[in-house]
Amino acid sequence: MTRIIDGKALALRIEAEVAREAAALDSMGAAPVLASVQAGRTPAAEIYMRHQARAAERTGIAYRRIELPAEISERQLLRELERIAQDPQVTGLLLQTPLPPHLSARAVRRALDPLKDVEGVHPANLGWLLSDRPGLVPCTAAAALECILSTGVDLRGKEAVVVGHSETVGKPIALLLMERLATVSVCHHATVNLQEHVRRAEILVVAAGQPGLVRGADLREGAIVVDVGINEIERDGKRVVVGDVDAGTENRAAWITPVPGGVGPVTVALLLRNTVRAAARQVQAG
Ligand code: NAD
């Protein structure tokens with residue numbers, strides 16, 4: 001029987017710890033403040049921000065929403081981000097994605113202040129993942145790892161397969177699994193015979209943004225499956241959110257994350273954990 005990895009329950013446990021750390025910082029006069037910047041509005045970003053704002057409220061972290069016009073030029077956006085990052089009250093900053101098509105997410109990520117980059121997507125934070133002293137760890141990748149570890153598995157020597165090789169999700173997940181001594185394969189859109197790789201996976205993380213990419217019958221018996229994908233599709237005339245894994249009745253996994261309610265809430269909780277960590281480091285740095 002397949003067991004569900006309950007992301008909401010896991011997120012609440014992380015949030016309780018974050019709330020204690022936020023209160024401790026507050027009592028030192030160093031309350032964390034998270035600025036959430038958006039360029040234009042998308043329905044998906046509205047949903048993410050609602051979840052972020054509620055989780056911030058639960059943990060006692062101030063959440064400032066900064067709306068910029070969708071037509072903003074890259075230069076203006078970079079200037080705005082610099083201005084916000086220089087505000088000494090703002091201890092963490094995140095930029096909602098997707099960005100309007102004329103803006104380059106890579107260029108904008110490079111311009112973030114790595115000390116306030118709570119999503120862990122600045123090249124410096126990604127680079128620190130290769131060392132034994134990680135900085136602000138990319139939160140979706142860290143959330144996938146938390147979901148896996150919550151099953152109690154020891155990753156040492158396990159056959160792990162990551163589907164998706166983006167800079168901010170797939171690659172950092174692969175590094176985190178490798179750090180725990182799993183044997184990691186990374187698949188992407190040019191991978192030949194994806195199913196063969198999936199069938200080998202004791203640990204499978206799918207982050208491709210392709211609904212139904214992996215089916216229950218493709219899974220290895222007893223696998224731990226983390227579905228990072230968030231896709232909106234039409235089903236029976238309704239818009240619904242699904243992941244990349246369509247496990248169905250032939251599901252062979254021992255554990256699986258649901259979508260919604262799996263990796264998503266844990267990602268938000270870890271965004272807030274990064275927010276308190278960033279604030280604490282800024283206090284230490286004076
Ligand atoms: P991306 O578009 O940057 O990367 C997609 C990756 O999937 C690429 O590496 C691509 O090569 C691979 N891919 C695409 N089609 C494939 C195929 N047919 N076979 C194998 N590989 C294929 O996306 P991303 O930013 O890495 O996000 C991936 C998914 O995760 C999206 O659905 C996104 O919405 C979701 N996401 C979820 C969270 C969360 O908190 N749960 C956070 C970030 C992203």
Side-chain angles (χ1 to χ4, degrees), residues 5-28 30-37 48-65 85 89-97 109 112-122 124-129 131-151 155 168-169 172-173 175-177 179-180 205 207 226 228 257 260-285:
I5 299 174
D6 183 347
K8 283 189 194 160
L10 190 51
L12 287 176
R13 287 202 291 277
I14 298 167
E15 281 179 19
E17 185 193 313
V18 169
R20 279 194 295 277
E21 289 173 32
L25 283 162
D26 197 9
S27 68
M28 292 161 61
V33 176
L34 174 57
S36 158
V37 182
Y48 295 147
M49 279 187 292
R50 212 177 313 132
H51 287 304
Q52 289 164 2
R54 282 192 201 136
E57 202 180 335
R58 286 196 293 273
T59 49
I61 293 176
Y63 185 81
R64 278 194 204 162
R65 217 177 129 153
Q89 278 202 327
V90 171
T91 55
L93 194 157
L94 84 136
L95 182 68
Q96 300 295 336
T97 52
R109 275 189 228 125
L112 294 171
D113 175 349
L115 292 174
K116 296 189 177 182
D117 162 37
V118 289
E119 282 188 296
V121 294
H122 184 280
N125 284 318
L126 294 171
W128 279 111
L129 277 180
S131 78
D132 60 347
R133 285 181 33 223
L136 294 168
V137 177
C139 22
T140 309
L145 181 67
E146 288 283 347
C147 288
I148 295 165
L149 295 179
S150 74
T151 67
L155 285 171
T168 53
V169 185
I173 289 172
L175 289 172
L176 292 176
L177 291 169
E179 185 61 28
R180 299 262 172 170
V205 183
V226 174
V228 182
T257 57
V263 180
V266 183
T267 301
V268 174
L270 293 182
L271 175 78
L272 297 173
R273 188 167 80 186
N274 273 351
T275 304
V276 289
R277 286 189 178 166
R281 283 180 195 178
Q282 285 158 49
V283 171
Q284 279 161 16

key: side chain to side chain contact (heavy atoms under 4.5 Å, CB included), paired with V263, selected from L10, T257, V268   =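 Of the listed residues L10, T257, V268, the side chain to side chain contact (heavy atoms under 4.5 Å, CB included) partner of V263 is T257.
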
Taking all non-hydrogen atoms of both residues, which atom of [X] and which atom of [Y] are closest, and how far apart?
{"X": "L129", "Y": "V137", "result": "CD2-CG1, 4.1 Å"}
{"X": "P172", "Y": "L126", "result": "CG-CD2, 4.3 Å"}
{"X": "E15", "Y": "A55", "result": "OE2-CB, 3.6 Å"}
{"X": "K116", "Y": "T91", "result": "CG-O, 3.6 Å"}
{"X": "T267", "Y": "C139", "result": "O-CB, 3.8 Å"}
{"X": "I5", "Y": "S150", "result": "CG2-OG, 3.6 Å"}

I'd like to check [X] versus [Y] (side-chain heavy atoms, cut-off strictly below 4.5 Å). Are they in contact?
{"X": "V266", "Y": "I14", "result": "yes"}
{"X": "Q52", "Y": "L94", "result": "yes"}
{"X": "L12", "Y": "R58", "result": "yes"}
{"X": "H51", "Y": "P265", "result": "no"}
{"X": "E17", "Y": "R13", "result": "no"}
{"X": "L177", "Y": "L145", "result": "yes"}
{"X": "N125", "Y": "P114", "result": "yes"}
{"X": "L95", "Y": "V121", "result": "no"}

request  = Dump the intermediate steps for side-chain contact (heavy atoms from CB on, under 4.5 Å) on D113 and L93, then the final yes or no.
outcome  = CA-CA 8 Å; D113 175 349; L93 194 157; over 6 Å; no

key: Stepwise side-chain contact (heavy atoms from CB on, under 4.5 Å) test for V18 and I61   = CA-CA 9 Å; V18 169; I61 293 176; 3.9 Å; yes

query = Sub-3.5 Å donor-acceptor pair from the side chain of D117 to the main-chain atoms of L112, do we have one?
reply =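 Answer holds: no.
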
query = How many angstroms lie between atom CZ of R273 and atom OG1 of T59, to the nearest 0.5 angstrom?
reply =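 Answer for the CZ-OG1 pair, R273 versus T59, is 13.0 Å.
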
R180 atom CZ, neighbour heavy-atom count above 12 within 6.0 Å =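 Counting neighbours around CZ of R180, 12 or fewer heavy atoms of other residues, nucleotides or ligands fall under 6.0 Å, so no.
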
task = Flag yes if more than 12 heavy atoms outside Q282 fall under 6.0 Å of its CD atom; otherwise flag no.
result =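 Yes - once you tally the heavy atoms of other residues, nucleotides and ligands closer than 6.0 Å, there are more than 12.
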
request  = Go through the steps for T97 and T168 under the test side-chain contact (heavy atoms from CB on, under 4.5 Å), then give the verdict.
outcome  = CA-CA 12 Å; T97 52; T168 53; over 6 Å; no

request  = Verify side-chain contact (heavy atoms from CB on, under 4.5 Å) between R64 and V33, making sure each step is shown before the conclusion.
outcome  = CA-CA 7 Å; R64 278 194 204 162; V33 176; 3.9 Å; yes

